[in-house]
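Here is the structure we will look at, set down as structure tokens.
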Amino acid sequence: MPVPNNTLLGAARGLLWLILGLIVASALLVVGVAIALIVAWPEVMEGFRGSPEFIDVTTLRFPVGVLMLLLFAILAAAAYMIRQFQALVASAARDPFVPANAGRLRRIGWALVVTQLLAIPLQWTAGNIAKAGSAFADMGGISLGNLLAILLAFVLAAVFEQGTAMRDELEGTV
């Protein structure tokens with residue numbers, strides 16, 4: 001027995017709200033850690049001295065600040081994408097083939113481009129902070145999955161534009 005469309009849309013809405021909540025919580029955590037690092041920098045660095053993960057704790061202040069900014073920017077772009085998805089799902093309950101949805105998909109694609117571009121300096125920064133081979137040093141970088149998601153978002157935007165145009169043309173002939 002197929003699941004009703006409203007049930008799937010309701011589940012998608014709930015999941016998107018959960019994801020958005022997790023992103024916001026992560027962003028608040030990044031801000032909290034950044035503030036804690038500013039306030040207690042000498043004590044924190046003393047705790048990291050001799051750590052097997054990090055290269056040289058005496059030179060970490062600037063790269064850690066850059067890392068925090070990059071993480072916050074990536075989380076902000078992710079929250080923006082989720083808001084676009086929420087609007088897309090909300091309109092799918094009524095009529096998915098509207099010009100606004102093509103725009104939403106295109107904005108999602110551009111947000112994905114931004115996150116992928118931010119992942120490049122994120123990898124470089126993490127690599128300069130942590131020792132090679134550590135999980136921390138492998139953070140960020142170019143991802144084939146992300147590149148495919150970017151392509152998919154832009155292709156879907158074009159499909160939605162074409163679908164809208166075809167439907168409008170069909171309605172004009174009837």
Side-chain angles (χ1 to χ4, degrees), residues 8-9 11-38 53-55 59-165:
L8 290 174
L9 289 175
R13 282 187 193 112
L15 183 61
L16 287 170
W17 278 111
L18 175 66
I19 292 169
L20 184 61
L22 291 172
I23 290 170
V24 169
S26 298
L28 290 172
L29 180 66
V30 167
V31 169
V33 168
I35 291 169
L37 286 174
I38 290 169
E53 283 282 317
F54 300 105
I55 295 173
T59 61
L60 287 183
R61 187 171 216 145
F62 179 73
V64 167
V66 170
L67 186 75
M68 292 293 153
L69 286 174
L70 289 169
L71 288 173
F72 186 80
I74 289 170
L75 289 168
Y80 178 77
M81 280 186 278
I82 295 301
R83 294 296 294 154
Q84 294 300 309
F85 273 121
Q86 286 176 322
L88 190 67
V89 168
S91 74
R94 298 178 307 275
D95 183 11
F97 289 104
V98 294
N101 282 345
R104 288 179 183 115
L105 285 164
R106 191 165 283 106
R107 287 189 294 275
I108 289 168
W110 283 113
L112 286 166
V113 168
V114 166
T115 57
Q116 185 58 69
L117 289 175
L118 288 171
I120 295 167
L122 180 75
Q123 182 184 32
W124 182 81
T125 304
N128 283 327
I129 292 172
K131 292 182 179 170
S134 69
F136 191 84
D138 294 335
M139 180 188 320
I142 294 176
S143 162
L144 179 61
N146 290 348
L147 295 176
L148 291 174
I150 291 167
L151 180 64
L152 181 64
F154 286 117
V155 168
L156 277 176
V159 167
F160 270 67
E161 281 178 342
Q162 192 69 21
T164 302

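Keep in mind that this is a model prediction, so the values were computed, not measured.
- The structure places CD1 of Ile82 at 10.0 Å from CG of Leu18, a figure rounded to the nearest 0.5 Å.
- Shortest non-hydrogen contact noted between Ala73 and Leu118 is CB-CD1, 3.6 Å.
- Side chains of Asn146 and Thr115 form no contact here, defined as non-hydrogen atoms less than 4.5 Å apart.
- Side-chain contact between Leu70 and Pro121: present, with at least one pair of heavy atoms (C-beta onward) separated by less than 4.5 Å.
- Rounding to the nearest 0.5 Å gives a distance of 12.0 Å between CD1 of Ile108 and CZ of Arg83.
- In this structure a side-chain-to-backbone donor-acceptor pair under 3.5 Å is missing from Glu161 to Leu156.
- A side-chain donor-acceptor contact under 3.5 Å links Arg94 to the backbone of Ala90.
- Of all heavy-atom pairs between Ala78 and Ile23, the closest is CB-CD1, 3.8 Å.
- Within 6.0 Å of CZ in Phe72 there are 12 or fewer heavy atoms belonging to other residues, nucleotides or ligands.
- When all heavy atoms are compared, the tightest approach of Ala153 to Gly109 is CB-CA, 3.6 Å.
- Side chain of Thr164 to main chain of Phe97: a donor-acceptor pair is present (N/O by atom type, distance under 3.5 Å, no hydrogens or angles).
- Between Gln123 and Gly140, the closest heavy-atom pair is CB-C, 3.7 Å.
- Thr125 and Pro63 make their closest contact through CG2-O, 3.2 Å (heavy atoms, listed as atom of the first residue, atom of the second, distance).
- Among all heavy-atom pairs drawn from Ala87 and Asn101, the shortest one is O-OD1, 4.5 Å.
- In this structure, CD1 on Ile38 lies 10.0 Å from CE on Met68, to the nearest 0.5 angstrom.
- How far CG of Leu122 is from CG of Leu69: 11.5 Å, rounded to the nearest 0.5 Å.
- We find the CZ-CG distance between Arg13 and Leu8 to be 11.0 Å, quoted to the nearest 0.5 Å.
- Taken to the nearest 0.5 Å, the CZ atom of Arg107 stands 13.5 Å off from the CG atom of Leu112.
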